[in-house]
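Everything on this sheet refers to the single structure shown next.
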There are 2 protein chains.
Amino acid sequence: MTLFWKKGYHATSLKDLEAALNMKPGSIYAAFSSKEGLFLEALARYYETSRGAFAAEMAKAGSPLEGVAQHLRSYADIPTDHPRAQACMLLKTLVDTRATEPAIAEKSREYLSGMRDAMTEVFERAIAAGELPEDTDPQRLARRLQACIMALRFELHQGTGEADLSALAEDMAQEFERLRKVST
Amino acid sequence: MTLFWKKGYHATSLKDLEAALNMKPGSIYAAFSSKEGLFLEALARYYETSRGAFAAEMAKAGSPLEGVAQHLRSYADIPTDHPRAQACMLLKTLVDTRATEPAIAEKSREYLSGMRDAMTEVFERAIAAGELPEDTDPQRLARRLQACIMALRFELHQGTGEADLSALAEDMAQEFERLRKVST
DNA sequence: TCGCGCATTGAGCAATCACTCAAAGACACC
DNA sequence: GGTGTCTTTGAGTGATTGCTCAATGCGCGA
């Protein structure tokens with residue numbers, strides 16, 4: 001997964017995979033049936049761990065909106081040489097495969113939508129808890145949050161310095177905090 | 001340029017390029033010396049026309065901040081089947097080549113920084129015109145604007161429907177309009 | 001110890017990759 | 001028409017691609 005994430009589907013060769021998995025081609029094909037099959041399993045693993053980690057982070061937070069703001073700010077703390085300091089694998093994959101590998105691209109879209117669902121739930125909880133007004137559209141906010149996360153991760157990918165990155169994360173976090181209903 | 005933009009550096013083969021340019025391999029190498037050379041020229045063209053178009057759009061707008069908001073909203077009007085209805089070529093390139101083609105990745109970063117400079121100028125004009133407070137940081141706003149544009153274009157890439165897209169663009173546009181200094 | 005079922009091996013497949021170069025063609029000037 | 005210069009041509013280069021399969025190794029019950 002790490003290798004595919006770093007190099008992308010097209011730029012990763014079977015030679016690379018043999019070395020990374022310490023398996024010979026025959027074994028790889030016995031287990032995954034094709035490069036595409038192996039990639040799809042790596043992508044599924046990425047999706048599941050990402051979604052799980054997001055849910056866990058939200059559960060730990062003091063409130064839904066606090067969790068969102070905290071999550072956005074957390075991207076500023078990732079060191080530039082960390083393996084997570086690059087674009088979201090779902091974004092990379094969709095960009096890499098949309099024109100050439102429709103099956104993989106479709107899965108990416110599906111997973112992106114799944115992540116958005118997890119975000120929608122957070123905003124629904126915020127509404128239920130009275131943190132956001134009743135007439136808030138949670139799906140719309142989820143898309144906005146996802147847009148922020150994609151952009152932040154792409155900044156990581158670019159290698160943007162910590163100061164600029166935390167300024168951007170701060171702006172985004174405040175954008176969501178400003179939505180908080182003034183307690184009545 | 002269109003072909004490279006659509007398929008990316010790795011997924012575009014010389015065969016594809018021969019067909020698109022209607023040139024035989026020999027002529028291509030006489031003119032561009034390598035696939036990388038040809039790609040870099042395509043990327044330079046993308047950068048120059050993008051930057052030019054952005055500057056022209058800003059010049060036409062009633063005020064700097066109006067221009068920014070209008071530009072963001074304009075992404076919602078791009079039809080899904082349009083060639084521009086995909087991620088920014090600079091983003092795609094950086095994502096595609098960071099791990100494998102350092103020279104190309106570096107050029108992408110340079111161009112992204114150049115685009116950000118153009119955006120910084122717009123916010124500087126907004127400050128000079130009294131549209132934004134004197135203590136505003138134009139570079140910080142530029143990075144925020146670029147983040148929004150990257151995210152919007154990636155939504156286009158995903159194939160997000162017009163309704164969701166214009167809702168997102170609207171949220172982003174208002175975010176910048178809200179910065180406007182209340183006239184004193 | 002033997003035989004059986006299953007996983008692993010890695011040389012090698014056809015296809016494709018980016019790229020080269022000797023030969024033919026195109027064009028301007030006299 | 002002839003000559004010199006520059007461009008275009010496309011078959012062919014070796015390397016690499018994703019992938020196959022007969023041969024071998026291994027673990028386990030009898």
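Every value quoted in this text rests on a predicted model; they were computed, and no experiment measured them. Residue numbers begin at 1 in each chain, while the letters A, B, ... track the order of the sequences.
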Checklist entry - Which pairs pass salt bridge (charged side-chain N to carboxylate O under 4.0 Å, His left out) with one or both residues in residues 48-57 of chain B, sequence neighbours excluded? => result B:Arg51-B:Glu121
Item to check | Ring-face cation contact, B:Tyr29 with B:Lys35, 6.0 Å cut, 45° max | outcome: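 Checked: cation-pi criterion not met.
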Checklist outcome for this item: Counting primed atoms, P, OP1 and OP2 as sugar-phosphate and everything else as base, the B/S/- map of nucleotides 13-24 of chain C against protein heavy atoms under 4.0 Å is ----SSBBB---
Checklist entry - What residues form a side-chain contact (heavy atoms from CB on, under 4.5 Å) with A:Ala169, not counting sequence neighbours? => result A:Leu152
Checklist entry - First and last nucleotide of DNA chain D in contact with chain B, 5' to 3', at under 4.0 Å to a heavy atom: what are they? => result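 First and last nucleotides in contact are D:dT8 to D:dA11.
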Checklist entry - Who are the side-chain hydrogen bond (donor to acceptor under 3.5 Å, both in side chains) partners of A:Gln146, not counting sequence neighbours? => result A:Arg116
Next on the checklist: My understanding is that only residues two or more places apart in sequence, or in another chain, count here; which of them pass side-chain hydrogen bond (donor to acceptor under 3.5 Å, both in side chains) with B:Glu124?
Outcome noted: none
Next on the checklist: As a test of understanding, state which of A:Asp96, A:Thr12, A:Asp16, A:Thr2 forms a side chain to side chain donor-acceptor pair (under 3.5 Å) with A:Lys7.
Outcome noted: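 Result: among A:Asp96, A:Thr12, A:Asp16, A:Thr2, A:Asp16 is the only option passing the side chain to side chain donor-acceptor pair (under 3.5 Å) with A:Lys7.
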Next on the checklist: Is it true that B:Gln139 and B:Thr120 share a donor-acceptor pair across their side chains at a distance under 3.5 Å?
Outcome noted: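 Judged by distance alone, the side chains do not pair up.
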